[in-house]
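Please read all numbers here as calculations on a predicted model, not as lab measurements.
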Amino acid sequence: MRDAKYLAIWAAFPVLFMVVHPWAASSPRYLDWLVTAILMYVLFFSVVIHELSHGLAARACGDMTAAQAGRLTFNPISHVSLFGSVILPIVLYFMKAPVFGWAKPVPFNAMNLREHPRDQVWLSMAGPLSNFCVSFASYILYLCSAVVFKALNPENSIGIHLDLFTPMDFSGAGLESFWFVWFEILAFGILLNLILGLFNLIPFPPLDGSWILKAVLPKKAAEFFGKIQAFGFILIIIAIHFNLLDFFLYPVMIVVGAYGFVGNWSLQVLP
């Protein structure tokens, strides 16, 4: 019942955005604020799905630590890290830099896993895989919604719009506020989940990729790798400062390009 309450709260936010939209649309500044709020909403939800997937995978592999810690929930407070899920994404957004973030790590006890290191790999992969699934589901919903939008508004058309910093324009269309909020949520769902999933696969501690790497390394190498995990955040900051992570964003660009080409072709909109 408690999770039903949290899901109802998540569902209420898009309605609130639709109510606010007519007022926000009167000013580019206010519209940017609304788009930022939608971005944060989608990011929070994606982080919760990511962490919930880790916990569910741990339970499936025999470890109940996450369940006992109350992490198998849609309650964002149980998952969100103040810095990694709130402060950093906001700063990156206003810097017009790639937006990413992380949440509080899901606790697990490797001793409880049925088969180590296989189950540790599955546990670590669960979060990024959930983000990729959400991204693809958002893409399919976007295409279906675009078809419905075109049927209801024959004079208008919409293609694949994945520019985080340019609000969509639905002026003149029926149910303008609904379509604006709905397509913004789906566009953010596509792109942010791609970025979150791929970013978390980078083998830098404390990201999921580091746990996958540690699970497959020889014992001595894994022990050394474990010692540098305490400096993981510093390593990430250094890597970002020197643009060392740009290479890992290329797959995102490739997938986004493929999404755009296939989507615009199927919707009969020029890319």
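For the atom pair CG of L129 and CZ of F132, the computed distance is 7.0 Å after rounding to the nearest 0.5 Å. Atoms CG and CG, from L207 and L213 in turn, are 12.0 Å apart once rounded to the nearest 0.5 Å. The CG atom of L196 sits 11.0 Å away from atom CG of L201, with the distance rounded to the nearest 0.5 Å. From E51, atom CD reaches atom CG of L72 across 11.5 Å, with rounding to the nearest 0.5 Å. F44 CZ to L192 CG: the interatomic distance, rounded to the nearest 0.5 Å, is 11.5 Å. Between the CH2 atom of W122 and the CZ atom of R114 there is a distance of 14.5 Å, given to the nearest 0.5 Å.
By the criterion of side-chain heavy atoms lying less than 4.5 angstrom apart, applied directly or through intervening Ile, Leu, Val, Met, Phe, Trp or Tyr residues, M64 is not grouped with L113; the two fall into different hydrophobic clusters. Taking hydrophobic clusters as Ile, Leu, Val, Met, Phe, Trp and Tyr residues chained together by side-chain heavy-atom distances below 4.5 Å, L175 does not share a cluster with V15. There is a path of hydrophobic side-chain contacts, each under 4.5 Å, that joins V252 to V262. Using a 4.5 Å cut-off between side-chain heavy atoms of Ile, Leu, Val, Met, Phe, Trp and Tyr, with links allowed through other members, V106 and V47 fall into different hydrophobic clusters. Side-chain heavy atoms closer than 4.5 Å link hydrophobic residues (I, L, V, M, F, W, Y) into clusters, and following such links, even through other members, never connects M40 to V19.
Two rings, from F178 and F170, have their centers 6.0 Å or more apart. The distance between the ring centers of Y41 and W10 falls below 6.0 angstrom. Taking the six-membered ring wherever Trp is involved, the centroid distance between the rings of W23 and Y30 falls below 6.0 Å.
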(request) Starting from the C-alpha separation in whole Å, work towards a yes-or-no answer on side-chain contact (heavy atoms from CB on, under 4.5 Å) for F180 and L31. (result) CA-CA 11 Å; F180 177 87; L31 192 60; 3.7 Å; yes

(request) Evaluate the criterion side-chain contact (heavy atoms from CB on, under 4.5 Å) for residue pair V148 and C144; output intermediate values, then yes/no. (result) CA-CA 6 Å; V148 174; C144 294; 5.7 Å; no

(request) Step by step, work out the side-chain contact (heavy atoms from CB on, under 4.5 Å) result for F183 and F149. (result) CA-CA 10 Å; F183 277 110; F149 175 81; 4.2 Å; yes

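For the pair S53/I49, a side-chain contact is recorded, criterion being any heavy-atom separation below 4.5 Å from C-beta on. Residues N153 and W179 meet the side-chain proximity criterion, which asks for heavy atoms closer than 4.5 Å. Two residues are said to be in side-chain contact when any heavy atoms from C-beta on lie closer than 4.5 Å; P167 and D32 meet this criterion. Here the side chains of V256 and L194 are in contact, with some heavy-atom distance below 4.5 Å. Side-chain contact between T166 and V35: absent, with no pair of heavy atoms (C-beta onward) separated by less than 4.5 Å.
For L34 against H21, the heavy-atom pair with the smallest separation is CD2-CA, 3.8 Å. Between A146 and I158 the shortest heavy-atom distance is CB-CG2, 3.6 Å. The shortest heavy-atom contact between T73 and V48 is O-CG1, 3.9 Å. Nearest heavy-atom pair, L123 versus A57, reported as atom, atom and distance to 0.1 Å: CA-CB, 4.1 Å. Nearest heavy atom pair, residue F108 against residue T65, reads CA-CB, 4.0 Å.
Between H50 and H54, the ring planes are perpendicular. Angles over 60° get that label, and only those under 30° would be called parallel. Aromatic ring orientation, Y259 versus Y139: parallel (interplanar angle below 30°, classes split at 30° and 60°).
The backbone N or O of I190 sits less than 3.5 Å from a side-chain atom of S135, completing a donor-acceptor pair. When atom types are taken as modelled, the side chain of R71 and the backbone of S78 share a donor-acceptor pair closer than 3.5 angstrom. In terms of modelled atom types and a separation under 3.5 Å, the side chain of S130 and the main chain of G127 share a donor-acceptor contact. Looking at E184, its side chain does come within 3.5 Å of a backbone N or O of M168 through a donor-acceptor pair.
Listed by chain and number, the residues in a side chain to side chain donor-acceptor pair (under 3.5 Å) with W182 are S145 (sequence neighbours excluded). The side chain to side chain donor-acceptor pair (under 3.5 Å) check on N112 picks up D63, with sequence neighbours excluded. Listed by chain and residue number, nothing satisfies the side chain to side chain donor-acceptor pair (under 3.5 Å) test with S27 (two or more places apart in sequence, or in another chain).
With no hydrogens or angles considered, no side-chain donor-acceptor pair links D208 and S124 at under 3.5 Å.
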